[in-house]
Amino acid sequence: EKVIYDSFPVHKLKDSEALYDYIIEKKIDFVIWGIAMNLPYYKPLIRRLKGGNIRQCVIFHSLSISRDLRGRLMEWLISKSLINIDHLVFVSKYTDYSWSKYKTKKKHHNHHVIYNPINIDQTSVNLDKNRVGFVGRLSVEKQPEVFAKISEIDNLNKYIAWGEGDLLDDLRNKY
């Protein structure tokens, strides 16, 4: 089966029709929505894909970062979008538990908990030092530069960052 990953930034206008055409043209059988925050924007498309027997999965990394009314509203909208999703995948038990307050998630027939393992080559790590890790998207809102700046002033520990994003090349060149 073919798989498409949704990697459009949340703040951009969604083009559901173009995405639907692409999925149909490429004969994709299973869509993985890698960013749960995109679900409310694509709710009509998700329903349309479900009607076309295209299976769908969403990966949950966490609740909304914002704990204010706007963040809770977004979580509620996401939960309402789950009715046509075939599989819910949570990257930890904590993430699964944190979404359990929403009825749609509680009643969902097919949810899974996985773990985000990262394998590193042990030969590339100096085992004489403590290792401090950053795992995440290398983008402004995640502030990976703060992690990198700390690594410059701390000679007692080894700092290792894993991730991709807009800042990857800048961070590699600068640090």
Of all residues at least two apart in sequence or in a different chain, which pass the side chain to side chain donor-acceptor pair (under 3.5 Å) check with [X]?
X: Tyr94; answer: none
X: Asp169; answer: none
X: Ser139; answer: Arg137, Glu141
X: Thr95; answer: Ser92

Qualifying residues under salt bridge (Lys or Arg N to Asp or Glu O under 4.0 Å), relative to Lys174, sequence neighbours excluded
Glu145

Only counting residues at least two apart or in another chain, list the ones meeting ring-ring contact (aromatic ring centres under 6.0 Å, His included) with Phe60.
Phe90, Trp99

Where is the tightest heavy-atom contact between [X] and [Y], given as atom of each residue plus distance?
X: Met37; Y: Ile78; answer: CA-CD1, 3.7 Å
X: Met74; Y: Tyr41; answer: CE-CE1, 3.9 Å
X: Thr104; Y: Ile83; answer: CG2-N, 4.0 Å
X: Ala148; Y: Leu171; answer: CB-CD2, 4.4 Å
X: Gly163; Y: Leu138; answer: O-CD1, 3.5 Å

Taking only residues two or more places apart in sequence or in another chain, which ones pass side chain to side chain contact (heavy atoms under 4.5 Å, CB included) with [X]?
X: Lys103; result: none
X: His87; result: Phe30, Cys57, Asn110, His112
X: Lys93; result: Val113, Tyr115
X: Leu73; result: Trp76, Leu77

Could you check if a side-chain atom of Ile24 sits within less than 4.5 angstrom of a side-chain atom of Ile54, using non-hydrogen atoms only?
yes

Ile59 side chain reached by Ile32 side chain, heavy atoms, under 4.5 Å
yes

Once you measure the plane-to-plane angle for Trp33 and Tyr42, does it fall in the parallel (<30°), tilted (30-60°) or perpendicular (>60°) bin?
tilted

Same hydrophobic cluster for Tyr102 and Tyr97, using side-chain heavy-atom links shorter than 4.5 Å among ILVMFWY?
no

Rounded to the nearest 0.5 Å, what separation is found between the OG atom of Ser98 and the NZ atom of Lys105?
8.5 Å

Quick one: salt bridge (Lys or Arg N to Asp or Glu O under 4.0 Å) pairs with a partner in residues 146-157, sequence neighbours left out?
none

Exercise answer: donor-acceptor pairs, residues 43-52 side-chain atoms, under 3.5 Å, sequence neighbours excluded:
from	atom 1	to	atom 2	distance (Å)
Arg48	NH1	Glu17	OE1	3.0
Arg48	NH1	Glu17	OE2	3.4
Lys50	NZ	Asp86	OD1	2.6

